[in-house]
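In what follows, a structure is listed as structure tokens, so that the remarks can point back to it.
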Amino acid sequence: MSNTNSTATTGTNGFAQAVQPISSQVITTDTQGLVAGFVNIPVKDGEIPVYRAQPDTGENFPIILVIQEIFGVHEHIQDIARRFAKLGYLAIAPELFIRQGDVSKLSNIDEIRPIVATVPDAQVLSDLDDTIAWAIKSAKGNGDRVGITGFCWGGRTTWLYAAHNPQIKAGVAWYGRLLGDTTERQPHHPVDVASKLTVPVLGLYGGQDAGIPLDTVEKLKEQLKSSSSKSEVIVYPDAPHAFLADYRPSYRETEAKDGWERLQAWFKQYGL
């Protein structure tokens, strides 16, 4: 991954409490040549914090929405935003369930799940619309060149937002849930929207992911066949869930690097 280096991290250093201890393989991207940090942006019912990273010179940057895991916009998600900024993008990672609670302070994933379960998809999609609007108006972003990528919870969101906003250029979804119970808060899942998708999305999944059955990946691929999106799905046979998460034991360097290279090529192919 260009412009990054691996360092050992022993303290919390901005990582969510639920993901301690931090792996010695964690990748750290510096802020040299960047504008990076949290800002509050306006949304329909007030403000939400977003982590923004972009080059410190230039304008009209292509925009990448970076969608968090269940752990919130902690240091790993912030680092990914900085990786994009080093490549010349304006990367923005909004805190999409901050209204429901600050999950970064919770030390157990079983405390986090009930909070995240209360987040309505409609709220998330609306916040992402407002994030793009802010990026164009206040952060030198190019509204004609917008992409999205997300991880786990954010991987599911990537598919849904690509269906919601056909104006975005492309998406890359990393190991997000594809099918589930339909509720008032979650009326659709990626498999439900895949056949009508027009935005090209690259899905990256692990063959050893215990939380995302491969039969749901196959259902997604089947539904995509009748779409006009030219979306593609890659399954890494030996990879577990969260194989890009370099701060966790699930990290798989070979698959992570391959996926990151595929992401860059995908975005370039579709004008980002």
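Numbers here are sequence positions counted from 1.
The existence of a salt bridge linking Arg262 and Glu232 is excluded, since no basic side-chain nitrogen approaches an acidic carboxylate oxygen closer than 4.0 Å. Salt-bridge check for Lys219 with Glu222: failed, with every basic side-chain N at 4.0 Å or more from each acidic carboxylate O.
Using modelled atom types, one side-chain atom of Gln123 and one backbone atom of Leu96 make a donor-acceptor pair closer than 3.5 Å. The backbone N or O of Leu179 sits nowhere less than 3.5 Å from a side-chain atom of Thr216 that would complete a donor-acceptor pair.
Between Pro166 and Ala163, the shortest heavy-atom distance links the atoms CD-O, 4.4 Å. Between Asn142 and Val146, the shortest heavy-atom contact is O-CG2, 3.8 Å. Taking each heavy atom of Val199 and Asn165 in turn, the nearest pair found is CG2-O, 3.8 Å. Shortest non-hydrogen contact noted between Ile132 and Tyr161 is CD1-OH, 3.3 Å. Scanning all heavy atoms of the two residues, the minimum distance from Ser107 to Glu111 falls at N-OE1, 3.6 Å. Here the shortest heavy-atom pairing between Pro187 and Thr182 reads O-CG2, 3.3 Å.
Inter-residue side-chain proximity for Leu272 and Trp266 is flagged as unmet; no heavy-atom pair is nearer than 4.5 Å. Contact check for Val172 versus Thr158: no side-chain heavy atoms found under the 4.5 Å cut-off. At least one side-chain heavy atom of Asp127 sits less than 4.5 Å from a side-chain heavy atom of Arg99. Looking only at side-chain heavy atoms (C-beta outward), Pro49 and Asn40 come within less than 4.5 Å of each other. A heavy-atom distance below 4.5 Å is found between the side chains of His164 and Asp129. Looking at heavy atoms from C-beta onward, Ser195 lies in side-chain contact with Gln223 at the 4.5 angstrom threshold. Within the 4.5 Å cutoff, no side-chain heavy atoms of Pro42 are placed close to those of Asp130.
Between atom NZ of residue Lys86 and atom CD of residue Gln32 there is a gap of 5.5 Å, rounded to the nearest 0.5 Å. The CZ atom of Phe15 sits 10.0 Å away from the CD1 atom of Ile77 when rounded to the nearest 0.5 Å. Taking CZ from Arg248 and CD1 from Ile22, the interatomic distance works out to 10.0 Å, rounded to the nearest 0.5 Å. Rounded to the nearest 0.5 Å, atoms NZ (Lys169) and CG (Asp144) are 7.0 Å apart. Note that CD1 of Ile63 and CD of Gln54 are 10.0 Å apart. Values are rounded to the nearest 0.5 Å. To the nearest 0.5 Å, atoms CD1 (Ile92) and CD1 (Ile41) are separated by 7.0 Å.
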Handout entry: Derivation and outcome, side-chain contact (heavy atoms from CB on, under 4.5 Å), residues Leu90 and Lys140
Key = CA-CA 8 Å; Leu90 162 58; Lys140 302 178 181 178; 5.9 Å; no

Exercise for the section: Determine, stepwise, if the pair Arg52 / Val35 fulfils side-chain contact (heavy atoms from CB on, under 4.5 Å). Expected result: CA-CA 8 Å; Arg52 171 266 304 264; Val35 174; 4.0 Å; yes

Exercise for the section: Mind running side-chain contact (heavy atoms from CB on, under 4.5 Å) on Ile168 and Leu65 for me, showing each step along the way? Expected result: CA-CA 10 Å; Ile168 65 172; Leu65 299 171; 5.7 Å; no

Practice task
Give the intermediate values and the outcome of side-chain contact (heavy atoms from CB on, under 4.5 Å) for residues Val124 and Ile67.
Solution key: CA-CA 10 Å; Val124 172; Ile67 313 301; 5.9 Å; no

Practice task
Check the pair Tyr247, Asp79 against side-chain hydrogen bond (donor to acceptor under 3.5 Å, both in side chains), reporting the backbone distance first and the verdict last.
Solution key: CA-CA 11 Å; Tyr247 66 98; Asp79 197 89; over 6 Å; no

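Put simply, Trp153 and Ile115 are part of the same group of oily side chains (I, L, V, M, F, W, Y) that touch within less than 4.5 Å, one to the next. Leu34 and Tyr89 sit in two unconnected hydrophobic clusters of ILVMFWY residues. Membership requires side-chain heavy atoms under 4.5 Å apart, directly or through other members.
The only member of Arg83, Arg252, Lys257 that meets salt bridge (Lys or Arg N to Asp or Glu O under 4.0 Å) when paired with Asp246 is Arg83. Each of Trp260, Tyr236, Tyr251 was scored for a ring pair (Phe, Tyr, Trp, His ring centres under 6.0 Å) with Phe243, with one residue passing: Tyr236. For the pairing with Asp121, the side-chain hydrogen bond (donor to acceptor under 3.5 Å, both in side chains) check across His188, Arg156, Arg185, His189 returns one residue only, Arg156.
Residue-environment remark: CD (Gln269) exceeds the threshold of 12 foreign heavy atoms within 6.0 Å.
The ring of His76 has its center no closer than 6.0 angstrom to the ring center of Phe71. The aromatic ring centres of Tyr175 and Trp159 sit 6.0 Å or more apart.
A tilted orientation is assigned to the rings of Phe267 and Phe84, their planes being inclined by 30° to 60°.
Using modelled atom types and a 3.5 Å distance limit, the side chains of Tyr51 and Arg82 yield a donor-acceptor pair.
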